[in-house]
Amino acid sequence: MNKISEKNIVLTADRPTGRLHIGHYAGSLKGRVALQNSGKFDEIFIMIADAQALTDNAAAPDKVRANVTEVVLDYLACGLDPDKSTLFIQSQIPELTELAFYYMNLVTVARLKRNPTVKAEIQARNFKDDIPVGFFTYPISQTADITAFDATVVPVGGDQLPMLEQAREIVRSFNSVYGETLAEPKELLPDNAACARLPGIDGRAKMSKSLGNCIYLADSADEIRTKVMNMYTDPNHLRLDDKGDTKDNPVFIYLTAFSNDGHFERYLSEYENLDALKAHYERGGLGDVKVKKFLNDVLQEVLAPVRARREEWAKHVPDAYEILRLGGVKAKAAAAKTLGRVRSALRIDYFSDK
Ligand code: TRP
């Protein structure tokens with residue numbers, strides 16, 4: 001029988017419901033590229049979770065389909081490299097659906113209802129009891145995504161922690177009922193807290209397409225400048241001399257996530273570093289426009305190469321799909337191995353007996 005892989009395997013995914021924004025970049029994409037280039041992992045699987053996107057977009061298949069293209073362009077633009085990471089589309093791996101179906105027997109409705117991520121998302125979407133079953137059960141499907149590849153490391157944002165907790169529960173319960181079959185995953189959180197969740201440019205807690213408060217990786221230089229110059233800051237910082245707050249101020253949160261000492265040298269050399277800039281803002285005498293101009297310089301520098309690569313790949317969309325197709329072939333082989341193990345653990349491997 002095939003065994004659980006002992007390799008160091010990473011899996012992570014995004015729902016293709018919109019273009020990716022700088023919150024995704026800071027919170028996960030940048031980290032994935034670093035993981036990929038660290039050479040510490042034997043396999044890295046990056047999945048476009050179209051089937052999961054359909055769980056709450058059932059009536060909008062064209063939207064999901066179009067966003068698969070946006071997301072793969074965003075991936076390649078950020079530097080995910082198909083020679084090092086396996087990029088693929090969830091729906092091309094039917095093994096995932098079958099795994100989820102068996103895991104469903106190990107999870108209760110009560111347990112799903114208690115999952116804080118599910119709770120929050122039900123609220124955000126105003127589903128109440130009219131929640132689609134597929135959406136309700138997505139922590140189970142996500143456990144299938146993770147375990148299919150024997151992933152032990154799952155890079156996620158803080159909001160996905162309850163998902164990982166539930167995935168571990170399912171793995172433990174499967175292994176205790178049917179014998180050691182599945183690998184147990186661990187989350188990997190971004191190490192810079194400001195990166196873990198960027199607020200929107202309007203100061204709301206989350207950057208989200210439906211709130212219209214995002215800076216996208218595909219935004220032009222002009223769009224970025226306009227958005228930054230209109231950003232929400234500290235509402236009590238009205239006059240130049242007023243003391244300012246830097247903690248709940250999205251401009252400073254973005255600077256914490258994106259700026260480094262080199263940016264200060266190049267664009268704002270009168271300050272040594274971000275601490276010096278923050279201190280000045282807090283004691284008063286530093287205007288928002290100056291800080292925003294600096295943030296704009298930083299973001300332009302960080303995003304220009306990403307945008308250039310994106311524009312280049314956008315001219316070669318069929319090549320991007322060929323990457324996804326080949327990634328799918330590799331991912332399917334890995335998932336099929338796990339499914340084989342699961343089937344024999346479940347005693348439904350009728351025709352493979354000698
Ligand atoms: N739910 C994740 C998100 O919305 C996407 C996702 C699907 C995922 N399957 C996964 C993340 C497995 C980590 C592991 O971003």
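Whatever order the structure lists them in is the order used to number ligands and atoms, beginning at 1.
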Colleague: List by chain and number: which residues place a heavy atom under 4.0 Å from ligand 1?
Modeller: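 Residues within 4.0 Å of ligand 1: Leu11, Ala13, Arg15, Met47, Ala49, Gln52, Tyr138, Gln142, Asp145, Ile146, Val154, Gln160.
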Colleague: Strictly by salt bridge (charged side-chain N to carboxylate O under 4.0 Å, His left out), give each pair with a member in residues 234-246 just once, sequence neighbours left out.
Modeller: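 Checked against salt bridge (charged side-chain N to carboxylate O under 4.0 Å, His left out) - neighbours excluded - no pair reaches residues 234-246.
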Colleague: Is it possible for you to say whether Tyr178 and Tyr103 belong to one hydrophobic cluster, with membership spreading through side-chain heavy-atom contacts below 4.5 Å?
Modeller: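 They do share one cluster, since a chain of ILVMFWY contacts under 4.5 Å joins Tyr178 to Tyr103.
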Colleague: Using 4.0 Å as the upper bound for N to carboxylate O, is an ion pair formed by Glu121 and Arg15?
Modeller: yes
Colleague: Is there a path of hydrophobic side-chain contacts, each under 4.5 Å between heavy atoms of I, L, V, M, F, W or Y residues, that connects Leu189 with Val33?
Modeller: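 No, Leu189 and Val33 fall in different hydrophobic clusters.
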Colleague: Residues two or more places apart in sequence or in another chain: which of them pass ring pair (Phe, Tyr, Trp, His ring centres under 6.0 Å) with Tyr25?
Modeller: none
Colleague: By ring pair (Phe, Tyr, Trp, His ring centres under 6.0 Å), which residues pair with Tyr75, not counting sequence neighbours?
Modeller: none
